[in-house]
Q: 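My questions will all concern the structure given below.
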Protein chains: 4
Amino acid sequence: METPVVKGLRADAWRNRARLLAVAEDVFASRGPSASTEDIAVAAGVGIGTVFRHFPTKEALLEAVFVERLQRLIDDARQLSSAPDAGQAFFIFFRSVLDQAHSKSAIADALAHAGIDLKDSMAGVKEDLNAGLNALLVRAQRVGAVRDDIGIAELLALLVGAARAVDHAAGNTDVEDRTLEVILDGLRPHSRRSTRG
Amino acid sequence: METPVVKGLRADAWRNRARLLAVAEDVFASRGPSASTEDIAVAAGVGIGTVFRHFPTKEALLEAVFVERLQRLIDDARQLSSAPDAGQAFFIFFRSVLDQAHSKSAIADALAHAGIDLKDSMAGVKEDLNAGLNALLVRAQRVGAVRDDIGIAELLALLVGAARAVDHAAGNTDVEDRTLEVILDGLRPHSRRSTRG
Amino acid sequence: METPVVKGLRADAWRNRARLLAVAEDVFASRGPSASTEDIAVAAGVGIGTVFRHFPTKEALLEAVFVERLQRLIDDARQLSSAPDAGQAFFIFFRSVLDQAHSKSAIADALAHAGIDLKDSMAGVKEDLNAGLNALLVRAQRVGAVRDDIGIAELLALLVGAARAVDHAAGNTDVEDRTLEVILDGLRPHSRRSTRG
Amino acid sequence: METPVVKGLRADAWRNRARLLAVAEDVFASRGPSASTEDIAVAAGVGIGTVFRHFPTKEALLEAVFVERLQRLIDDARQLSSAPDAGQAFFIFFRSVLDQAHSKSAIADALAHAGIDLKDSMAGVKEDLNAGLNALLVRAQRVGAVRDDIGIAELLALLVGAARAVDHAAGNTDVEDRTLEVILDGLRPHSRRSTRG
DNA sequence: GATGAATGAGACTTCATTCAT
DNA sequence: AATGAATGAAGTCTCATTCAT
């Protein structure tokens with residue numbers, strides 16, 4: 001994961017790209033997508049020119065940040081897809097999505113864009129994400145841990161919605177937990193409703 | 001409801017204000033809060049100066065749009081709070097929130113701001129919203145239609161999240177319905193889970 | 001002086017005109033000539049339309065304020081021009097110009113414009129001002145109270161400069177006094193230099 | 001004096017900054033401080049963005065112009081403060097202030113602001129100016145060339161006033177000279193009144 | 001005559017993007 | 001490759017002026 005994805009870059013250039021991506025994720029998460037590219041350059045300690053050398057437009061940078069975030073989700077999904085308890089795996093994944101650091105709505109944005117933007121780099125990611133989610137979901141449904149009447153589309157919408165809901169409760173952990181519990185309970189089949197709280 | 005809220009304005013001025021608010025709601029819903037004031041002026045068929053005469057800053061315009069939206073929700077909540085079937089009233093309200101025309105995420109934004117911005121005009125609205133939601137929620141919980149372990153904070157977060165979730169499924173009515181059903185089921189107490197397809 | 005200058009106005013209209021002029025003088029003096037016409041309308045308690053009915057442009061309003069101020073100076077000069085002690089009369093006048101309430105630089109502006117703008121209304125005022133100043137100056141020079149080598153042009157420039165100088169010292173009465181004394185001493189013939197402070 | 005004051009700028013950037021400052025001085029002098037930033041950009045042959053890169057607000061630009069002008073006065077004062085004839089030095093300085101090119105009232109504005117605005121950049125300049133003026137003034141007073149009853153405050157006010165006075169006489173050199181002579185005579189002790197004119 | 005809502009040119013300022021160094 | 005100065009379109013907001021009420 002820490003090896004150059006884009007080939008043919010000098011070591012320092014690739015380091016800059018990685019740093020920019022990380023910094024951009026932070027800045028966009030905390031100040032929203034309208035944060036200026038200049039601010040990101042400053043935060044990354046590089047010149048503005050360097051940002052545009054690596055990401056030809058601001059949108060490309062935003063997209064790269066989304067892809068990065070989604071990539072991590074996909075990795076999580078893959079690792080959990082072979083866990084022994086399919087039900088547990090599914091719910092652990094759902095929670096882990098929302099545990100991502102920073103603003104949850106940033107994740108919501110990333111997920112939201114995955115289903116909408118069909119840009120070059122997004123296309124492959126979308127397929128990978130669908131595959132990963134599908135594996136988790138179907139396995140969990142097969143063992144009766146998740147209701148049968150939903151598919152990937154619903155799962156994605158619920159992830160986005162849950163991220164936004166949790167984001168709105170930001171600050172109050174109790175509220176966050178109870179809110180998420182409602183959604184997770186909604187995902188369980190009739191007879192397996194959680195008894196917590 | 002169709003009478004001047006802001007007193008002392010001429011009839012024509014108030015018509016312009018109402019028109020602007022409606023147009024702004026449309027434009028912000030479809031192009032996001034970063035839509036330009038100029039665009040709204042053009043869409044409303046007035047000069048840019050007229051927008052700023054009625055709403056001294058862009059933020060004031062956004063706030064007015066939010067307040068308008070919330071006001072409608074509050075009205076809905078009030079009317080339903082005296083319905084005979086408290087459980088039905090609650091779920092009808094929840095669905096009606098998401099039925100509001102335009103982009104659902106616009107509603108999410110309005111709701112989200114209600115809990116954050118404590119601006120002058122917002123303050124009163126927030127109280128009214130809380131009161132309206134509380135009446136609906138408590139009554140529904142009392143008759144056992146809604147789980148007891150959530151309060152207004154969770155309800156608000158879920159409304160925001162549901163709006164976003166439904167927004168993400170935008171276009172596919174089936175997905176919208178099933179996604180919403182999951183969240184509504186999550187709100188029901190253990191034994192009253194919906195059995196719909 | 002308190003009778004309508006512009007004929008054919010209703011009593012209330014003329015009152016509005018007078019009030020506007022007074023208010024405009026205040027506002028321009030305290031906030032500068034870039035104060036908005038709207039502000040003046042508000043301060044005068046009339047609608048913006050009324051301002052433009054009486055003064056077709058902002059510049060016309062500014063000009064009217066200048067003329068008003070100059071008119072008062074001219075009146076002062078006339079009254080003093082028949083005083084028994086010509087020297088005393090001259091210096092009393094010079095000081096009285098700077099005693100006008102409000103910002104001194106406002107007076108400087110008015111005086112400055114008198115020599116520059118040759119607009120309709122200004123033309124006559126300029127002649128009156130010159131006549132008044134000339135009477136005072138020549139009489140004072142004749143009795144040896146003021147040096148002989150200056151004329152109206154120099155006197156006007158010195159009035160403008162003194163107004164600005166005093167304005168700069170604003171707040172510190174001692175500095176104001178000593179500064180003015182320097183200029184007045186400069187106006188006296190060699191042997192009559194003041195011996196104050 | 002012609003070396004970069006603000007460090008860390010490329011040669012070309014500094015050239016632009018210097019050019020902008022010079023052009024801004026001209027434009028503000030001839031059209032007043034309300035001249036538009038855009039006009040200055042055009043006159044300097046740069047894009048509007050360049051103006052704001054060097055001076056983040058219009059006020060910052062105005063301030064920089066003031067500081068520049070004051071800096072020149074301070075330099076003059078310093079050079080003259082070690083001249084053999086202290087009296088001559090003082091009067092040469094006073095005249096040289098008014099000889100600065102462009103509109104004299106621009107100088108008046110700069111001097112006027114020196115005593116009012118205590119902005120960051122102004123603070124140091126004000127001290128330097130005071131120090132420079134004080135050296136000239138005290139030395140001239142010590143040799144009996146200037147009356148003893150004035151201090152820096154009065155000197156500054158007189159410089160401002162003289163600039164304005166001369167500005168008002170603009171165009172007529174004779175009037176300018178005689179007006180200035182009056183003020184300079186006022187500065188001399190009783191027995192040393194000029195005999196010119 | 002008085003009012004104040006409407007207008008739109010123009011001001012200041014930001015920011016994505018380009019390009020000379 | 002990296003830098004950051006330059007650019008100018010576009011955005012928010014102000015204000016003198018007009019005109020329907």
Side-chain angles (χ1 to χ4, degrees), chain A residues 9-17 34-42 45-61, chain B residues 8-17 34-41 44-61, chain C residues 9-14 16-17 34-42 45-61, chain D residues 8-17 34-39 41 44-61:
Chain A
L9 286 182
R10 296 197 324 211
D12 60 339
W14 189 72
R15 251 192 319 272
N16 266 340
R17 197 193 129 91
S34 65
S36 79
T37 36
E38 179 98 37
D39 279 359
I40 289 167
V42 169
V46 302
I48 181 68
T50 303
V51 178
F52 278 86
R53 162 164 290 273
H54 288 289
F55 307 95
T57 66
K58 183 185 183 177
E59 197 165 356
L61 174 56
Chain B
L9 284 183
R10 284 203 228 137
D12 58 340
W14 188 71
R15 253 193 315 273
N16 263 334
R17 195 194 130 94
S34 67
S36 82
T37 321
E38 179 99 37
D39 281 357
I40 289 167
V46 301
I48 181 70
T50 301
V51 179
F52 281 90
R53 160 167 278 268
H54 288 287
F55 307 96
T57 63
K58 184 184 182 176
E59 197 167 356
L61 175 56
Chain C
L9 285 182
R10 294 195 327 210
D12 60 338
W14 188 72
N16 267 340
R17 197 193 128 92
S34 66
S36 78
T37 35
E38 179 98 36
D39 280 358
I40 289 167
V42 169
V46 302
I48 180 69
T50 303
V51 179
F52 278 87
R53 164 164 289 272
H54 287 289
F55 307 95
T57 66
K58 183 185 183 178
E59 197 164 356
L61 174 57
Chain D
L9 284 182
R10 284 202 227 137
D12 59 339
W14 188 72
R15 254 194 314 273
N16 262 335
R17 196 193 129 93
S34 65
S36 81
T37 321
E38 179 99 37
D39 281 356
V46 302
I48 182 69
T50 302
V51 179
F52 281 88
R53 159 165 281 268
H54 288 287
F55 307 95
T57 63
K58 184 185 182 177
E59 197 168 356
L61 174 56

Q: Might you point out which heavy atoms bring Arg17(B) and Phe55(B) nearest each other, and give the distance in Å?
A: NH1-CE2, 3.4 Å
Q: From the options dT17(F), dC13(F), dA6(F), select the nucleotide whose nearest atom is closest to the side chain of Thr37(C).
A: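 Closest of the options to the side chain of Thr37(C): dT17(F).
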Q: Tell me whether the OP1 or OP2 atom of dT3(F) has a side-chain N or O from Thr50(A) closer than 4.0 Å.
A: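 Indeed, a polar side-chain atom of Thr50(A) lies that close.
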Q: Quick one: Asp39(D) CG to dG8(F) P, roughly how many Å, whole number?
A: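 To the nearest whole Å, that distance equals 16 Å.
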Q: Which residues satisfy the side-chain contact (heavy atoms from CB on, under 4.5 Å) test with Ala44(D), sequence neighbours excluded?
A: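 If we apply the side-chain contact (heavy atoms from CB on, under 4.5 Å) test to Ala44(D), skipping adjacent residues, the hits are Arg19(D), Leu20(D), Val23(D), Val46(D).
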Q: Would you kindly give the CZ-to-P distance between Phe55(D) and dT14(E), to the nearest whole Å?
A: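 Answer to the nearest Å: 15 Å.
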Q: OP1 or OP2 of dA6(F) versus the side-chain N and O atoms of His54(D): is any pair under 4.0 Å?
A: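 Result: yes.
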Q: Send over the distance from Ile48(D) CD1 to dG11(F) P, rounded to a whole Å.
A: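 It works out to 17 Å between those atoms.
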Q: For Arg17(B) and dG4(E), give me the distance from atom CZ to atom C1', rounded to whole Å.
A: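 Rounding to the nearest Å, CZ of Arg17(B) and C1' of dG4(E) are 17 Å apart.
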Q: I want to verify a distance call: between dT13(E), dT18(F), dT12(F), whose nearest atom is closest to the Lys58(D) side chain?
A: dT13(E)
Q: Give the nucleotide from the list dA6(F), dT14(E), dA6(E) with an atom nearest to the side chain of Asn16(B).
A: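 When the side chain of Asn16(B) is considered, dA6(E) is the closest of dA6(F), dT14(E), dA6(E).
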Q: Want to know the stems of DNA chain F: at least 3 consecutive Watson-Crick or G-U pairs with distances under 3.5 Å, which are they?
A: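 Result, WC/G-U stems under 3.5 Å: E:2-21 with F:2-21.
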Q: Hey, what do you get for CG (Leu61(D)) to OG1 (Thr37(D)), rounding to the nearest 0.5 Å?
A: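 Spacing of CG (Leu61(D)) from OG1 (Thr37(D)) equals 7.0 Å.
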Q: Check the distance between dT14(F)'s C1' and Phe52(B)'s CZ and give it to me in whole angstrom.
A: 10 Å
Q: Distance check, rounded to the nearest 0.5 Å: Arg15(B) atom CZ versus Asp12(B) atom CG?
A: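 It comes to 6.0 Å.
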Q: Heavy atoms only: give me the nearest Val51(A)-Ala41(A) pair and the separation to one decimal.
A: CG2-CB, 3.6 Å
Q: By nearest heavy atom, map Glu38(A) and Val51(A) onto DNA chain F; which one lands nearer the 5' end?
A: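 By nearest-heavy-atom nucleotide position, the 5'-most residue is Val51(A).
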Q: Atom CD of Glu59(C) to atom C1' of dT17(F): distance rounded to whole Å?
A: 14 Å
Q: Can you tell me which nucleotide in dC13(F), dT3(E), dT18(E) comes closest to the side chain of Val46(C)?
A: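 Ranking dC13(F), dT3(E), dT18(E) by closest atom to the Val46(C) side chain puts dT3(E) first.
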Q: On DNA chain E, does the nearest nucleotide to Ser36(A) precede the nearest nucleotide to Arg53(C) from the 5' side, or the other way round? Give the residue.
A: Arg53(C)
Q: Which heavy-atom pair separates Asn16(C) from His54(C) by the least distance, and what is that distance?
A: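 Of all heavy-atom pairs spanning Asn16(C) and His54(C), the closest is CB-NE2, 3.8 Å.
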Q: Mapping Pro56(D) and Gly49(B) onto DNA chain E by nearest heavy atom, which one lands closer to the 5' end?
A: Gly49(B)
Q: What integer distance in Å separates Leu61(C):CG from dT17(F):C1'?
A: 14 Å
